[in-house]
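These notes concern the structure reproduced below.
Note that these values count all heavy atoms, side chains included, but never hydrogens, waters or copies made by symmetry.
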Amino acid sequence: MGKDIKLLITTILVSVLLLTSSNAELNVKVIISVGEEIITNHDLDREINYLNVITVGQIKKIDVQESKKIAIDSLINDKIKIAALSNYDNIIINDEVLNNQIIKSSQDIGFRKIEDFITFLKFSEYELDEFKEKILLELKWNQLVYQFYKNQIVIDKEKIDKK
């Protein structure tokens, strides 16, 4: 009889989990497509969370429609960058550079210690890995832009010294 109850409870739990996950999948909607890439309402929610992190909650103070527009524009830019970067496998960012940029970004936001920033991320329901992906994308993009324009950069040391 104890085994029957355990089996019944297990069956109910599995059924609830399956129904919950299938229901969640039905709520994902495509908002826009960029080339062959799509942006879903889930992507939009994650981007708004990201914007809340980097603005330390300031994005919540603006109109909901305006924050969605900002988030969609940001996602479109990210998709364009990802598509462009897919043609350049030679752009590699090492872990030290990535970690240093994460620390710098957390300090720019206003955190003195990375541990405090990680706690803030958890509180904001945003994952450190997601933040790393965003930073990595920006670092790779900056490297690509630099590769294209590095020969056009002219540094006039005399003007710099005068200023």
Side-chain angles (χ1 to χ4, degrees), residues 16-153 155 163:
V16 168
L17 288 174
L18 289 174
L19 288 173
T20 303
S21 66
S22 65
N23 188 24
E25 290 175 23
L26 294 175
N27 293 328
V28 175
K29 298 175 184 160
V30 174
I31 296 174
I32 193 169
S33 65
V34 180
E36 295 181 14
E37 296 291 320
I38 60 168
I39 296 173
T40 67
N41 59 331
H42 176 72
D43 297 328
L44 180 61
D45 291 342
R46 300 311 303 152
E47 189 68 13
I48 290 172
N49 273 5
Y50 169 73
L51 294 172
N52 272 320
V53 166
I54 63 170
T55 64
V56 193
Q58 294 299 311
I59 199 80
K60 289 182 179 179
K61 293 182 179 180
I62 63 174
D63 179 61
V64 173
Q65 291 303 318
E66 183 65 21
S67 65
K68 284 183 179 182
K69 182 186 178 319
I70 292 168
I72 288 171
D73 288 346
S74 178
L75 286 166
I76 290 169
N77 287 334
D78 285 354
K79 295 293 184 183
I80 291 169
K81 290 174 185 179
I82 290 168
L85 285 165
S86 69
N87 298 321
Y88 299 92
D89 294 335
N90 62 335
I91 299 176
I92 298 171
I93 306 296
N94 69 40
D95 289 342
E96 183 180 351
V97 171
L98 176 60
N99 290 331
N100 287 339
Q101 186 59 46
I102 289 170
I103 291 169
K104 183 183 179 318
S105 295
S106 71
Q107 291 170 343
D108 290 347
I109 294 170
F111 293 92
R112 291 185 181 182
K113 296 184 212 171
I114 190 68
E115 294 82 13
D116 294 339
F117 179 64
I118 292 169
T119 302
F120 175 71
L121 285 175
K122 289 179 184 174
F123 177 75
S124 301
E125 298 179 5
Y126 200 76
E127 299 294 324
L128 180 60
D129 287 342
E130 288 177 286
F131 191 78
K132 281 184 178 182
E133 285 179 29
K134 293 291 251 181
I135 298 298
L136 184 60
L137 176 61
E138 288 307 312
L139 289 171
K140 285 183 174 184
W141 180 254
N142 291 344
Q143 185 63 36
L144 179 64
V145 170
Y146 174 75
Q147 283 181 3
F148 275 121
Y149 295 105
K150 68 182 176 187
N151 294 334
Q152 296 176 19
I153 298 172
I155 299 174
K163 287 187 179 186

Does T55 have any side-chain contact (heavy atoms from CB on, under 4.5 Å) partners at least two apart in sequence or in another chain, and if so, which? Q58, I59
Keeping to residues at least two apart or across chains, list the salt bridge (charged side-chain N to carboxylate O under 4.0 Å, His left out) pairs with something in residues 95-122. K104-D108
Shortest non-hydrogen pair, L85 vs I91, comes out as CD2-CD1, 3.8 Å
Let me confirm one number: the CD-CD1 distance from Q107 to I102, rounded to the nearest 0.5 Å. 12.5 Å
Apply side chain to side chain contact (heavy atoms under 4.5 Å, CB included) to residues I93 and Q101 and explain how you reach the verdict. CA-CA 11 Å; I93 306 296; Q101 186 59 46; over 6 Å; no
Could you check T40 against K29 for side chain to side chain contact (heavy atoms under 4.5 Å, CB included), going step by step and ending with a plain yes or no? CA-CA 5 Å; T40 67; K29 298 175 184 160; over 6 Å; no
Measuring from N100:CG to L139:CG, what's the distance to the nearest 0.5 Å? 10.0 Å
Indicate the atoms forming the closest heavy-atom contact of K68 with I48, along with that distance. CG-CD1, 4.0 Å
Under the ring-ring contact (aromatic ring centres under 6.0 Å, His included) test, residues paired with Y88 that sit two or more places apart: F148
If you define the side chain from C-beta out and look only at heavy atoms, does anything of L144 sit under 4.5 Å from K140? no
What pairs of residues pass the salt bridge (charged side-chain N to carboxylate O under 4.0 Å, His left out) test when at least one of them lies in residues 69-87, not counting sequence neighbours? E37-K79, K69-D73, D78-K134, K81-E138
Spacing of S74 atom OG and L44 atom CG [to the nearest 0.5 Å]: 10.5 Å
Between the main-chain N or O of E127 and the side-chain N or O of E130, is there a donor-acceptor pair closer than 3.5 Å? yes
Atom of I38, atom of D43 and distance for their closest heavy-atom approach: O-OD2, 3.8 Å
Ignoring hydrogens and angles, tell me if any N or O in the side chain of S124 forms a donor-acceptor pair with the backbone of Y126 under 3.5 Å. no
Over 12 non-hydrogen atoms of neighbours within 6.0 angstrom of CD in E125: no
Taking the side chain as every heavy atom from C-beta outward, state whether N99 and K132 have any atom pair closer than 4.5 Å. yes
Give the intermediate values and the outcome of side chain to side chain contact (heavy atoms under 4.5 Å, CB included) for residues I70 and E66. CA-CA 6 Å; I70 292 168; E66 183 65 21; 4.1 Å; yes
Residues in ring-ring contact (aromatic ring centres under 6.0 Å, His included) with F117, at least two apart? F111, F131
Taking I31's backbone N and O only, do any of them form a donor-acceptor pair with N41's side chain (distance below 3.5 Å, no angle check)? no
After noting the C-alpha distance and the side-chain angles of S105 and I135, does the key distance pass the side chain to side chain contact (heavy atoms under 4.5 Å, CB included) rule? CA-CA 9 Å; S105 295; I135 298 298; 3.6 Å; yes
side-chain contact (heavy atoms from CB on, under 4.5 Å) involving I76 - partner list, sequence neighbours excluded: I32, V34, I39, I72, I80
